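See structure below.
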Amino acid sequence: MAVNEKERRIKIIKDEPYRVTGGVSLFEQVIVTDDAGHTRELINIKEYPRQDAYILCRCGSSKNKPFCDGTHRKIGFDR
């Protein structure tokens, strides 16, 4: 059954990670820029196994990036 686009969501909660739902694909990408620094291309270098939901790091300190490992609570992340 195809996922309806209305079911796809990114929930952002103050001081918490991103919660992505709806079975979206998740890729690690490299940004290719020109000499002036403008983005010219995105290259997929890794595709993660598709899941119904992901909890993604927002604080930048997770040891399991791109996924949240709860470090934001330990470091007092506040955004």
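All values derive from a computational prediction rather than experimental measurement. Computed from heavy atoms alone, side chains included, the values below leave out hydrogens, waters and symmetry copies.
Side-chain atoms of S25 and R50 form a donor-acceptor pair, as typed in the model, at a separation below 3.5 Å.
Salt bridge status for D69 with K63: absent, with no side-chain N to carboxylate O gap under 4.0 Å.
Hydrophobic clustering (ILVMFWY, side-chain heavy atoms < 4.5 Å, transitive): L26 and V24 are in one cluster. Hydrophobic clustering (ILVMFWY, side-chain heavy atoms < 4.5 Å, transitive): F27 and Y54 are in distinct clusters.
With hydrogens and angles disregarded, no donor-acceptor distance shorter than 3.5 Å links the side chain of Y48 to the backbone of E28. Between the side chain of R79 and the backbone N or O of R58 there is no donor-acceptor pair closer than 3.5 Å. Judged by distance alone, the side chain of S62 and the main-chain N or O of F67 form a donor-acceptor pair under 3.5 Å.
In the hydrophobic clustering (ILVMFWY side chains linked at under 4.5 Å, chained through shared members), L42 is joined by I31.
Distance check: R73 CZ to E16 CD gives 5.5 Å after rounding to the nearest 0.5 Å. Separation of atoms OG1 (T21) and CZ (R19) is listed at 6.0 Å; rounding is to 0.5 Å.
Surrounding CG of D15 are more than 12 heavy atoms belonging to other residues, nucleotides or ligands, all under 6.0 Å away.
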Tell me, with the steps shown, if L56 and V20 meet side-chain contact (heavy atoms from CB on, under 4.5 Å). CA-CA 8 Å; L56 300 178; V20 180; 3.8 Å; yes
Chi angles and distances behind the side-chain contact (heavy atoms from CB on, under 4.5 Å) call for N64, T71: CA-CA 10 Å; N64 190 31; T71 299; over 6 Å; no
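What you find for G22 and R8 is that their closest heavy atoms are O-CG, 3.9 Å.
With contacts defined as side-chain heavy-atom distances shorter than 4.5 Å, the pair T39/V32 does not qualify.
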